[in-house]
Protein chains: 4
Amino acid sequence: MGLPLLANKKQSADKHQKIIEAAIAVFAGNGFFNSTVADVAREADVADGTIYLYFKNKDDLLISIFEYSMDLFIQEAEAALKSSSDPKEKLREFISLHLKLVQKYPDLAQVIQIELRQSTKFMKEYPNEKFFQYLDIVSGIIGDGQESGVFKKNLDPVILKRVIFGAVDEIALEWTLMKRKRYTMAEAADQVCGMIFEGICQ
Amino acid sequence: MGLPLLANKKQSADKHQKIIEAAIAVFAGNGFFNSTVADVAREADVADGTIYLYFKNKDDLLISIFEYSMDLFIQEAEAALKSSSDPKEKLREFISLHLKLVQKYPDLAQVIQIELRQSTKFMKEYPNEKFFQYLDIVSGIIGDGQESGVFKKNLDPVILKRVIFGAVDEIALEWTLMKRKRYTMAEAADQVCGMIFEGICQ
Amino acid sequence: MGLPLLANKKQSADKHQKIIEAAIAVFAGNGFFNSTVADVAREADVADGTIYLYFKNKDDLLISIFEYSMDLFIQEAEAALKSSSDPKEKLREFISLHLKLVQKYPDLAQVIQIELRQSTKFMKEYPNEKFFQYLDIVSGIIGDGQESGVFKKNLDPVILKRVIFGAVDEIALEWTLMKRKRYTMAEAADQVCGMIFEGICQ
Amino acid sequence: MGLPLLANKKQSADKHQKIIEAAIAVFAGNGFFNSTVADVAREADVADGTIYLYFKNKDDLLISIFEYSMDLFIQEAEAALKSSSDPKEKLREFISLHLKLVQKYPDLAQVIQIELRQSTKFMKEYPNEKFFQYLDIVSGIIGDGQESGVFKKNLDPVILKRVIFGAVDEIALEWTLMKRKRYTMAEAADQVCGMIFEGICQ
DNA sequence: TATGAATGAGTGTTCATTCAT
DNA sequence: AATGAATGAACACTCATTCAT
């Protein structure tokens with residue numbers, strides 16, 4: 001009696017996951033608004049109605065993708081950042097990781113970067129905690145660096161975290177949309193780190 | 001005989017402009033997909049059908065906003081950049097200008113930054129020349145700076161222009177979406193320039 | 001002062017005629033419902049609004065075509081039927097004429113045969129006098145023929161006129177729609193007359 | 001487990017049929033172009049969207065009516081024609097049957113005769129096979145009759161089948177549109193057969 | 001749980017008609 | 001008389017969501 005329940009729970013989790021993954025693929029391919037719930041259902045190989053057993057509505061599906069992916073990103077980031085204690089190395093690691101993740105999960109990245117922003121409703125109303133949590137990894141590193149004297153103290157971490165995220169994310173976005181890749185992610189990471197650390201002036 | 005024609009032309013241009021402006025306001029407020037053509041018509045104080053006398057369809061309206069705004073941005077940027085010949089000053093001017101423009105035309109900025117990116121179709125299919133033209137102002141400045149020895153030569157202008165644009169645009173985006181402004185655009189411009197020019201390392 | 005008026009009247013009549021002819025061409029090509037008033041205006045080389053100076057509405061345009069064409073058909077039929085006094089010859093003449101007219105005015109024929117029938121409203125509500133007048137040419141001939149003993153007296157002219165018209169009109173319709181003509185109208189006229197006069201039995 | 005599926009299939013077929021019948025009634029009453037899909041839905045007592053579960057679009061509904069009715073006609077005709085082997089009797093049977101069918105399914109007949117012809121697109125583009133199949137029943141009978149010497153050999157079956165169909169169909173059409181019936185279908189059948197077999201000449 | 005047929009509100013778009021010029 | 005810009009009602013079609021099975 002316990003086992004079947006467990007089995008069901010697992011099956012249930014599997015189906016939830018299956019739908020999430022289907023939604024990521026579908027939304028990345030066609031855009032959130034141009035995709036139908038039926039498209040997602042077909043991709044996930046479930047009935048339309050089944051989606052509503054796992055998600056409140058279509059918007060909830062998008063939000064769930066976001067939370068799922070931010071959890072994934074945060075988890076991977078925290079794991080990766082343990083290896084080093086030097087703020088500079090940590091920041092390099094973070095930038096490199098973000099770009100790697102975009103490369104590893106291109107559909108996911110596209111949904112996050114493009115489709116999510118589309119929903120003004122989402123951007124304005126949804127308490128975007130997970131994203132701030134992700135961003136705060138950056139401001140944490142900056143704060144540590146400023147304390148230990150590695151980074152300049154006159155730079156405002158609130159602004160800086162956005163500047164760094166924006167720079168890295170724009171590169172990631174371009175890379176996602178580019179058909180013929182003109183540079184590797186490793187090259188891009190080097191360039192971005194170079195610029196952020198030392199600036200562009202001679 | 002010539003005058004009425006002129007008047008008509010002007011009136012016609014006025015109505016075109018009126019619809020564009022209405023669309024910017026509506027799309028910024030609700031998002032492109034959540035706005036109806038009827039909403040735009042109401043805002044522009046014209047009949048629904050009138051929209052279709054000036055624009056092919058709803059998508060065309062979005063694209064027109066984009067072209068209109070990029071023209072505006074490019075024009076303002078070129079005017080502003082004439083004042084100085086120092087690449088560093090020019091870049092500072094450009095960054096400052098972009099942020100000022102976003103502040104001056106917040107609805108327009110929001111449509112460009114958010115609504116436009118939503119349309120995967122748009123991002124993937126529309127030959128995004130005007131945007132590249134805008135971006136190329138940055139790579140032009142970088143190129144000049146590298147030639148004259150002001151900027152480091154080992155940085156790839158193709159990547160760099162994106163990094164700079166991403167950093168600036170993310171700040172602009174956050175500022176647009178922030179309800180209670182926690183910093184001024186001038187402060188932000190200083191911080192961004194500081195980081196870009198000299199880097200974040202001590 | 002008299003002349004310009006006359007000239008205007010003539011010009012006015014010309015424009016009326018021009019619109020009728022444009023409407024015939026457009027409706028024949030695309031069907032009444034798939035054609036727009038603007039299409040007709042363009043074809044007639046007048047402004048959209050001008051159509052409404054000469055016709056009450058789009059339906060009126062169709063009815064006017066019908067009346068115009070039936071007048072034309074009746075006029076040509078009456079002229080042609082004067083030449084002979086033999087009912088059999090007259091009927092042969094009528095059949096031949098109808099087919100010739102369809103061949104001569106294919107667009108007109110198509111509008112009458114197809115587009116007119118579409119409008120149930122028209123078929124049911126419009127007092128279809130002109131068409132009955134045309135049909136009555138046939139019953140007149142039959143009546144004469146029965147009186148003079150050329151045609152069988154036990155046939156009901158009311159039914160018969162329809163049978164004959166239906167037979168002829170179906171041939172005309174097929175001929176109008178056929179792309180590669182497989183028989184000439186003269187052949188068809190011969191066959192139809194042969195059948196109607198002598199029947200199909202050996 | 002099998003039964004519910006069967007029930008569903010049957011129910012599904014029922015709904016398809018229900019919509020077809022509603023469409024026939026609505027199109028016959030108002031004409032295809034003057035009827036809305038919502039009208040059909042209301043008549044069929046289903047939601048607007050349901051129509052699109054069974055038919056591709058409004059045109060498809062019209063075409064489906066056509067195919068449905070031609071199948072019905074062909075089936076009834078083939079059944080009726082088995083009883084006799086005499087070409088003359090067979091032709092009489094066919095004519096009588098066509099008129100009876102029009103009387104039995106007046107709405108259907110009207111849609112076929114009138115509404116279908118309206119759509120130039122349909123008449124020109126739709127590969128009208130079913131209708132030709134129906135017409136070919138007539139040419140088959142004629143061919144047999146000519147072979148067996150019952151019908152004149154100099155008459156072209158291609159033209160003749162149209163002449164006969166046109167004659168019969170015009171009678172049917174008039175009868176459908178006539179409000180006060182001035183003759184019975186049986187009378188009409190007799191008259192038509194008399195004329196077709198023996199001609200109108202004394 | 002899972003299904004998928006059914007729903008019906010919602011919307012982009014067309015076009016007959018009007019009317020100020 | 002003639003224009004054609006403007007109107008706004010109308011409609012085909014879509015799709016998120018529900019619910020009986």
Side-chain angles (χ1 to χ4, degrees), chain A residues 4 8-9 11-12 15 33-42 45-61, chain B residues 4-5 7-9 11-12 15 33-42 44-61, chain C residues 8-9 11-12 15 33-42 45-61, chain D residues 1 3-5 7-9 11-12 15-16 33-42 44-61:
Chain A
N8 275 345
K9 234 180 191 167
Q11 220 177 24
S12 179
K15 200 157 278 188
F33 276 107
N34 294 315
S35 303
T36 68
V37 172
D39 289 339
V40 175
R42 197 177 316 108
D45 208 39
V46 300
D48 296 16
T50 303
I51 304 234
Y52 290 85
L53 297 175
Y54 294 90
F55 302 91
K56 221 168 59 213
N57 51 37
K58 199 188 170 192
D59 274 3
D60 187 35
L61 199 45
Chain B
L5 184 68
N8 276 345
K9 235 181 190 165
Q11 223 176 23
S12 183
K15 200 155 279 188
F33 278 107
N34 293 313
S35 304
T36 66
V37 173
D39 290 339
V40 175
R42 198 176 316 108
D45 207 40
V46 298
D48 294 17
T50 304
I51 305 259
Y52 291 86
L53 295 176
Y54 294 89
F55 302 92
K56 226 172 49 218
N57 51 36
K58 199 188 168 192
D59 274 2
D60 186 36
L61 199 44
Chain C
N8 276 345
K9 235 181 192 166
Q11 221 176 24
S12 180
K15 200 157 277 190
F33 278 106
N34 294 316
S35 303
T36 68
V37 172
D39 290 339
V40 176
R42 197 177 316 108
D45 209 38
V46 299
D48 295 16
T50 304
I51 304 237
Y52 290 85
L53 297 175
Y54 294 91
F55 302 91
K56 221 168 60 215
N57 51 36
K58 199 188 170 192
D59 274 2
D60 187 35
L61 198 45
Chain D
M1 281 291 157
L3 232 45
L5 184 69
N8 275 346
K9 235 182 192 166
Q11 221 175 24
S12 183
K15 200 155 278 189
H16 182 99
F33 278 108
N34 294 313
S35 303
T36 68
V37 172
D39 290 338
V40 175
R42 198 176 314 110
D45 207 40
V46 298
D48 294 18
T50 305
I51 305 260
Y52 292 87
L53 296 176
Y54 293 90
F55 301 92
K56 227 171 47 218
N57 51 37
K58 200 188 168 192
D59 274 3
D60 186 36
L61 199 44

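- The residue among Val46(C) and Ala38(D) whose nearest nucleotide of DNA chain F is located toward the 5' end is Val46(C).
- Proximity of Lys15(D) to the phosphate of dA5(E): no side-chain N or O atom is located under 4.0 Å from OP1 or OP2.
- Nucleotide dT14(F) holds its P atom 13 Å from the CD1 atom of Ile51(D), rounded to whole Å.
- Between Leu53(C) atom CG and dT3(F) atom P there is a gap of 9 Å when expressed in whole angstrom units.
- Following rounding to the nearest Å, Arg42(C) (CZ) and dG4(F) (P) show an atom-to-atom distance of 12 Å.
- Looking at residues two or more places apart in sequence or on another chain, you find no salt bridge (Lys or Arg N to Asp or Glu O under 4.0 Å) involving Asp48(D).
- When rounded to the nearest whole Å, the span between CG of Asp45(A) and C1' of dG4(E) equals 14 Å.
- Here the P atom of nucleotide dA9(E) and the CG atom of Asn57(A) are 19 Å apart, to the nearest Å.
- Contact annotation: Tyr52(C) does not reach the phosphate of dC19(E) (side-chain N/O to OP1 or OP2, under 4.0 Å).
- Phe33(C) and Phe33(D) have parallel rings, their planes meeting at less than 30° on a 0 to 90° scale where 60° marks the start of perpendicular.
- Taking only side-chain nitrogens and oxygens, Tyr54(A) comes nearer than 4.0 Å to OP1 or OP2 of dA2(E).
- To the nearest angstrom, C1' of dT13(E) lies 14 Å from CG of Leu61(B).
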Are any protein N/O atoms closer than 3.5 Å to N/O atoms in nucleotides 9-11 of chain F? If there are, list each pair with its distance.
none

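- Residues satisfying the side chain to side chain contact (heavy atoms under 4.5 Å, CB included) test with Asp60(A), not counting sequence neighbours, are Phe55(A), Lys56(A), Asn57(A), Ser64(A).
- Using a 4.0 Å cut-off, no side-chain N or O of Thr50(B) falls inside it from OP1 or OP2 of dA6(F).
- Note: CZ (Phe55(A)) to P (dA16(F)) measures 15 Å, nearest angstrom.
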For DNA chain F, the expected dot-bracket line (Watson-Crick or G-U under 3.5 Å, [ ] crossing, | inter-strand) is .||||||||||||||||||||
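- Rounded to a whole Å, the CZ atom of Phe33(D) is 14 Å from the C1' atom of dC15(E).
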